[in-house]
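What you see is a predicted model, and the numbers here were worked out from it, not measured in a lab. Chain identifiers are assigned alphabetically (A, B, ...) following the order of the sequence lines, protein sequences preceding nucleic acid strands; residue numbering begins at 1 within each chain.
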Amino acid sequence: MTLTVATWNINSVRLREPIVLDLLRAAAPDVLCLQETKAPVEKIPTGNFAALGYRHIVSRGFKGYNGVAILSRHPIEEAGELDFCQRRDARHVAARLENGAVIHNFYIPAGGDEPDPAANPKFAHKLEYLSCLRDWFRDNRPERAILVGDLNIAPREDDVWNHKQLLKVVSHTPVEVAGLGAAQEAGGWVDITRQDIPDGQLYSWWSYRARDWDAADRGRRLDHIWASPDLARGAGGSRIDRHVRGWFKPSDHAPVFASFDL
DNA sequence: ATGGTGGGGAACCCA
């Protein structure tokens, strides 16, 4: 079978329910991974998702911030919780499909404004989280696995609108890029988006604060789809649906897609 | 150098 996966930080699943439904109708991925649901599991509006065929959900979340969910048209079961830094802060959920493939959905800490772990506890937390991610996948090598999410890091020069200008901006600093790279390498993860689209500027996030996000185009690629090498060989069809950033009452992120031959 | 805009939820927290 071909499995199409999408990842999208929707910045409140309750406020964004209409455009989540629009995306499910328009793009019809098999699996949609959401971040920043900002809701406890029982407050996720599952009824209308189920009506479109997305009857299966695993989620972790609470009131106010963070929160992740996986919606699926195929049966899934929960496949473990990775609570790096032991904060119970709902940054990861995993699902196992009936064919055994596992999908990890992460919301990595944003890290605050100041890229100095000594001065900024949020940045220290982000770096610690990346170390835990690296150690976990070093000790638990993924097979038949997909990792998606808002990783809050744009690793490549062409993943940001201005590499030089963003070197000291959290999300593109060398220490974060190295931390994410170490985690990726420890697991042997393949960046599917860049396997499919190796050249050129590529963004998945544009700030709310720009007067005209589309014209300014000061984007960053913060949202990623990775896979273990066995699944990477049968992956393709990557895209970022930029136009979704322009929908009514949008998220500041656009959804990222990839397809897998399972 | 600064502040710009959102969401959650009722004062500031988060991004």
Side-chain angles (χ1 to χ4, degrees), chain A residues 7-23 33-45 59-69 83-85 87-93 105-117 119-130 148-155 159-162 164-173 176-177 179-180 203-224 240 242-256:
Chain A
T7 180
W8 193 16
N9 178 322
I10 33 96
N11 188 16
S12 170
V13 68
R14 299 171 72 189
L15 198 73
R16 234 58 86 182
E17 180 187 1
I19 62 170
V20 171
L21 293 169
D22 286 343
L23 186 81
C33 297
L34 302 173
Q35 303 86 36
E36 283 204 271
T37 51
K38 300 189 175 180
V41 179
E42 64 273 15
K43 291 286 180 71
I44 293 180
S59 177
R60 207 156 271 123
F62 48 81
K63 193 170 72 165
Y65 59 97
N66 295 353
V68 286
D83 184 35
F84 303 142
C85 310
R87 295 179 182 223
R88 312 290 308 175
D89 56 357
R91 295 183 178 278
H92 169 265
V93 68
N105 179 16
F106 279 99
Y107 176 52
I108 289 183
D113 290 329
E114 175 62 44
D116 174 2
N120 173 10
K122 291 181 189 173
F123 195 69
H125 175 218
K126 185 177 197 175
L127 297 182
E128 187 192 345
Y129 196 96
L130 291 169
V148 310
D150 178 2
L151 307 187
N152 265 314
I153 294 168
D159 290 337
V160 294
W161 67 277
N162 186 321
K164 270 190 142 179
Q165 201 159 323
L166 285 169
L167 277 170
K168 292 182 177 173
V169 175
V170 171
S171 73
H172 192 61
T173 65
E176 294 166 81
V177 170
L180 187 68
Y203 314 137
S204 65
W205 173 89
W206 295 260
S207 173
Y208 282 125
R209 296 176 185 176
R211 279 186 203 137
D212 184 339
W213 70 272
D214 196 26
D217 200 20
R218 296 186 171 189
R220 307 176 200 172
R221 188 171 71 103
L222 304 180
D223 304 275
H224 299 266
I240 300 178
R242 175 188 176 113
H243 67 279
V244 170
R245 178 64 178 79
W247 283 359
F248 179 68
K249 283 191 75 74
S251 167
D252 45 355
H253 295 252
V256 182

How long is the line joining [atom1] of [X] and [atom2] of [N], in whole Å?
{"X": "A:H253", "N": "B:dG7", "atom1": "NE2", "atom2": "P", "value": "13 Å"}
{"X": "A:F248", "N": "B:dG6", "atom1": "CZ", "atom2": "P", "value": "11 Å"}
{"X": "A:D212", "N": "B:dG4", "atom1": "CG", "atom2": "C1'", "value": "14 Å"}
{"X": "A:D214", "N": "B:dT5", "atom1": "CG", "atom2": "C1'", "value": "17 Å"}
{"X": "A:F62", "N": "B:dG9", "atom1": "CZ", "atom2": "P", "value": "11 Å"}

If only side-chain N and O atoms count, and only distance matters, is there a donor-acceptor pair under 3.5 Å linking A:S171 with A:E176?
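The answer is no; no qualifying pair exists.
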
If the [atom1] atom of [N] is compared with that of [M], how far apart are they to the nearest Å?
{"N": "B:dC12", "M": "B:dA1", "atom1": "P", "result": "29 Å"}
{"N": "B:dG3", "M": "B:dG7", "atom1": "P", "result": "22 Å"}
{"N": "B:dA15", "M": "B:dG9", "atom1": "C1'", "result": "16 Å"}
{"N": "B:dG6", "M": "B:dT2", "atom1": "P", "result": "23 Å"}

When the ring planes of A:F106 and A:Y129 are compared, do they come out parallel, tilted or perpendicular, using 30° and 60° as the limits?
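Rings of A:F106 and A:Y129: perpendicular, as their planes differ by over 60°.
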
Take A:D214 and A:R242 through the test salt bridge (Lys or Arg N to Asp or Glu O under 4.0 Å) and record every step on the way to the result.
CA-CA 9 Å; A:D214 196 26; A:R242 175 188 176 113; 2.7 Å; yes

Nearest 0.5 Å, what's the CG-CG distance between A:N162 and A:L167?
9.0 Å

Give me the atom names and distance for the closest heavy-atom approach of A:D113 to A:V170.
O-CG2, 3.5 Å

Check: A:V13 and A:P45 side chains under 4.5 Å, non-hydrogen atoms:
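Sidechains of A:V13 and A:P45: in contact.
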
A:D252 and side chain to side chain donor-acceptor pair (under 3.5 Å): which single residue from A:W213, A:W205, A:W206 fits?
A:W205

Just checking, A:R218 and A:W161: is the charged tip under 6.0 Å from the six-membered ring centre and within 45° of the axis?
yes

side-chain contact (heavy atoms from CB on, under 4.5 Å) test vs A:H253 passes for just one of A:V244, A:N9, A:I10, A:I240, namely A:N9

Ignoring backbone atoms, establish whether A:K249 has a side-chain N or O less than 4.0 Å from OP1 or OP2 of B:dG6.
no

Residues within residues 9-23 of chain A bordering DNA chain B, heavy-atom distance below 4.0 Å:
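Those residues are A:N11, A:S12, A:L15, A:R16.
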
Any chance you could list the contact pattern along nucleotides 10-15 of chain B? Use B for base contacts, S for sugar-phosphate-only contacts and - for none, protein heavy atoms under 4.0 Å, 5' to 3'.
----SB

